[in-house]
Number of protein chains: 2
Amino acid sequence: MSQRRTSADAGPATIRDVAERAGVSVASVSRVLSGNYPVSDDLRRRVMKVVRELDYVTNAHARSLAGGGTPTVAILINHITGAAFAHVAKGVEGAASLRGWLTLVGTTGDDPERELALVNLMRRQGVTAVVLLGGAYDFEEYQLRMARFARSLDSAGSHLVLVGRPALKGDAPATTVDYDNEGGAYAMASHLLSAGHRHVLVLPGPAELTTAQGRLNGAHRAFEAYGVPFRQDMVHHGPYDFEHGLRAVEHSLEQGPPFTAILAGTDVVAAGAMQALRSAGLRVPEDISVVGYDDIPLASQLTPKLTTVHVPYEEMGRVALRAVADRREGGAGRRGGDGDQFVLGTHVVVRQSVRPPERQG
Amino acid sequence: MSQRRTSADAGPATIRDVAERAGVSVASVSRVLSGNYPVSDDLRRRVMKVVRELDYVTNAHARSLAGGGTPTVAILINHITGAAFAHVAKGVEGAASLRGWLTLVGTTGDDPERELALVNLMRRQGVTAVVLLGGAYDFEEYQLRMARFARSLDSAGSHLVLVGRPALKGDAPATTVDYDNEGGAYAMASHLLSAGHRHVLVLPGPAELTTAQGRLNGAHRAFEAYGVPFRQDMVHHGPYDFEHGLRAVEHSLEQGPPFTAILAGTDVVAAGAMQALRSAGLRVPEDISVVGYDDIPLASQLTPKLTTVHVPYEEMGRVALRAVADRREGGAGRRGGDGDQFVLGTHVVVRQSVRPPERQG
DNA sequence: TTGAAAGCGCTACCAT
DNA sequence: ATGGTAGCGCTTTCAA
């Protein structure tokens with residue numbers, strides 16, 4: 001210990017140490033540091049001097065217990081390495097620290113048990129809100145589970161925010177921030193159809209995942225609108241990863257029906273698909289058109305640049321945080337009511353990976 | 001409020017509510033919940049019943065104040081969207097939650113002021129350790145700054161961990177987890193040189209960043225070892241991003257000296273470089289060889305798959321957390337001493353982006 | 001085995 | 001403008 005303080009006691013300096021050394025009361029020190037109360041310049045100077053000497057910082061736990069405390073948001077992600085999630089997290093964290101709020105991050109690894117444990121952990125922490133990110137597996141159970149979370153957090157003075165997940169039916173006290181997932185898929189599929197494509201390989205993602213379902217539905221609707229038959233044997237479900245895009249296309253190239261375009265569930269899946277096409281000696285978009293979903297940086301870094309659906313992930317994070325902050329400001333008047341619901345728009349970003357089939361190989 | 005509790009008071013249930021309702025003392029409730037003390041089965045049952053009824057969870061702040069409390073690690077990143085950082089964070093978070101620890105995340109946006117503010121914020125939170133991620137700008141100031149952080153955290157009972165940053169000189173109480181950055185660069189450059197390349201475009205990254213300096217030095221040493229002159233006009237500093245790789249190569253192609261290979265500072269820069277080459281009608285590796293650094297998933301998703309240097313990011317995160325945990329277990333015996341230092345190995349991952357120049361165009 | 005009570009460090013209220 | 005002090009919810013002696 002190279003600690004040098006008035007008394008030889010161990011541990012961090014407390015407000016009392018500061019008060020003694022400065023020859024003032026703890027109340028005064030508290031007031032100087034909180035800055036929400038008038039104090040004389042002299043007192044402020046004396047206190048701040050000691051604060052610097054002792055390198056003192058207030059104990060957040062004590063402050064929190066006593067009523068003050070830094071608002072904290074918890075973000076619960078399935079996998080921290082997903083690019084889309086990272087962008088939402090960035091939005092939340094940015095908006096949070098702008099307000100001086102703290103951000104906690106936890107990963108569930110797709111494990112419902114861990115999700116529950118984390119929600120409770122966060123509740124213990126007295127977080128202002130818990131933000132759950134990303135598509136969910138919408139078993140019948142999901143709604144009940146989330147409703148329980150919502151109530152549990154609400155009664156603990158916290159709040160549940162669902163981002164990119166289906167809203168809760170009924171009056172569960174949760175806020176939902178979602179994007180027009182199906183609309184984006186509809187527009188993306190329409191883009192392909194209006195370019196003349198009639199044989200489209202569809203890689204929507206995991207069959208049970210709500211986002212994948214939405215994207216598939218959107219595509220389906222577009223096909224109907226164009227009067228083009230939607231063939232189930234051209235739909236391949238699978239994980240939202242590069243590998244799946246790769247394998248699915250390899251497989252379809254070998255033994256599936258012919259196709260002129262690929263509608264991928266995410267940009268990463270599209271990247272995998274493009275890799276498979278290239279390995280097979282096919283060019284994008286000359287031979288086959290490919291589109292993605294998400295518009296993560298990768299999309300514009302692929303060659304050719306990927307036409308995809310832009311999802312305002314970072315904005316969603318900001319909206320989620322703002323909703324929580326507003327609700328806090330709003331005070332008791334709005335507490336306990338049904339959650340708000342926000343839906344952000346999506347739009348197709350046309351780049352270079354689509355071409356009409358007539359002009360394809 | 002749809003809260004339903006014994007008394008009509010607002011706010012989350014407290015240990016006292018549980019005690020009253022169960023007809024036992026708060027001490028008993030505490031003991032049942034902490035589980036670190038013998039209690040009768042009857043008491044445990046009674047208490048747990050009420051806990052479930054009230055959906056009670058302990059207040060982490062109160063527990064923390066009173067002595068208990070969940071250990072918490074704080075990760076401070078420059079940009080949350082960097083893939084390499086995300087992997088370190090994953091390693092830390094994974095190892096942390098395995099032990100029931102919490103993880104806090106903050107982003108500094110490359111701003112030293114914000115970094116300082118965050119370190120203090122974390123100190124207030126009483127975190128077990130603060131992990132600073134990623135290359136630093138090693139001005140003279142850096143060492144002093146970090147030494148100050150280290151001492152400040154140490155005297156607050158916390159601990160500083162530097163990951164992927166230069167270790168602190170002197171006896172500052174910090175732990176460093178680094179990788180053999182220069183060695184990796186040396187090996188990577190050697191790989192290119194032994195393949196016969198003599199005209200190599202070098203894109204090490206930002207000139208002031210320690211990781212970029214290390215990578216440049218490693219390359220330099222390799223050139224010396226091979227007796228190949230290292231030309232300064234073939235070195236282009238710039239950010240670790242796709243755009244830089246793109247621009248630097250476009251520029252060099254137009255007006256730089258000719259080259260047969262590109263040694264990029266990161267995989268993302270390499271991806272940008274490859275894009276520029278492709279746009280210029282050059283093939284990789286037939287016309288130009290390209291190598292990266294980091295071995296993030298992107299590397300194996302590029303076409304051709306990128307030969308690069310594997311950096312064990314996730315492992316570094318795990319090591320960082322283990323170091324902190326061990327130090328905590330170790331107890332007072334090791335406290336306050338110099339920090340430990342860990343250096344993890346790197347190695348070249350040979351894929352498909354390199355070919356001898358004779359066989360290039 | 002269980003209960004009573006003294007703090008943990010801080011804020012906020014009530015005096016002065 | 002400043003000081004004294006009662007809690008915030010919990011853990012942990014110390015007694016019973």
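So that the names make sense, note that chain A is the first sequence line, chain B the second, and so on, each numbered from 1.
Between B/Ser30 and D/dC10 there is no side-chain N or O to OP1 or OP2 distance below 4.0 Å. Close to C/dG9, at under 4.0 Å from its OP1 or OP2, lies no side-chain N or O of A/Thr58. Put simply, A/Ser40 has a side-chain N or O that comes within less than 4.0 Å of OP1 or OP2 on D/dT2. In this model, the phosphate group of D/dG3 is not approached by any side-chain N or O of A/Tyr37 to a distance below 4.0 Å at OP1 or OP2. Proximity of A/Ser25 to the phosphate of D/dG3: a side-chain N or O atom is located under 4.0 Å from OP1 or OP2. Phosphate proximity of C/dA12 to A/Arg31: absent, as no side-chain N or O sits under 4.0 Å from OP1 or OP2. Phosphate contact (OP1/OP2 of C/dT2, side-chain N/O of B/Ser28, threshold under 4.0 Å): absent.
Residue contacts for B/Ser64: at a heavy-atom cut-off of 4.0 Å it reaches no nucleic acid atom on any strand shown.
Take the nearest nucleotide of DNA chain D for B/Leu65 and for B/Asn36: the residue whose nucleotide is more 5' is B/Leu65. Nearest-nucleotide mapping onto DNA chain C: of B/Leu43 and B/Val26, the residue sitting toward the 5' end is B/Leu43.
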* Criterion salt bridge (Lys or Arg N to Asp or Glu O under 4.0 Å) on A/Asp55 and B/Arg123, from CA distance to verdict -> CA-CA 11 Å; A/Asp55 196 17; B/Arg123 193 147 61 100; 3.0 Å; yes

* Decide side chain to side chain contact (heavy atoms under 4.5 Å, CB included) for B/Val32 and B/Tyr37; before the verdict, give the C-alpha distance in whole Å, the side-chain angles of both, and the deciding distance to 0.1 Å. => CA-CA 7 Å; B/Val32 168; B/Tyr37 212 85; over 6 Å; no

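Formation of a donor-acceptor pair under 3.5 Å by the B/Gln341 side chain with backbone atoms of B/Thr175 is not found in this model. Remark: side-chain polar atoms of B/His61 are paired, donor with acceptor, to backbone N or O of A/Gln125 under 3.5 angstrom. Put simply, the side chain of B/Ser30 never gets that close to the backbone of B/Val26: no donor and acceptor are under 3.5 Å apart.
Between A/Ile15 atom CD1 and C/dC8 atom P there is a gap of 14 Å when expressed in whole angstrom units. Between B/Leu33 atom CG and D/dG9 atom C1' there is a gap of 12 Å when expressed in whole angstrom units. In this structure, NE2 of A/His61 is placed 12 Å from P of C/dC10, rounded to the nearest angstrom. Rounded to whole angstrom, the span from the CG atom of B/Asn59 across to the P atom of D/dG7 amounts to 18 Å. As a whole-Å value, the separation of B/Arg63 CZ from D/dC10 P is 9 Å. Distance A/Arg124 CZ to D/dC8 C1': 19 Å, rounded to the nearest Å. Rounded to an integer number of Å, the gap from CZ of A/Arg44 to P of D/dA1 is 11 Å.
Relative to the side chain of B/Tyr56, the nucleotides C/dC10, C/dG3, D/dC10 differ in distance, and D/dC10 lies closest. Of the listed nucleotides (C/dA4, C/dG9, C/dC8), C/dC8 has the atom at the smallest distance from the side chain of B/Ala66.
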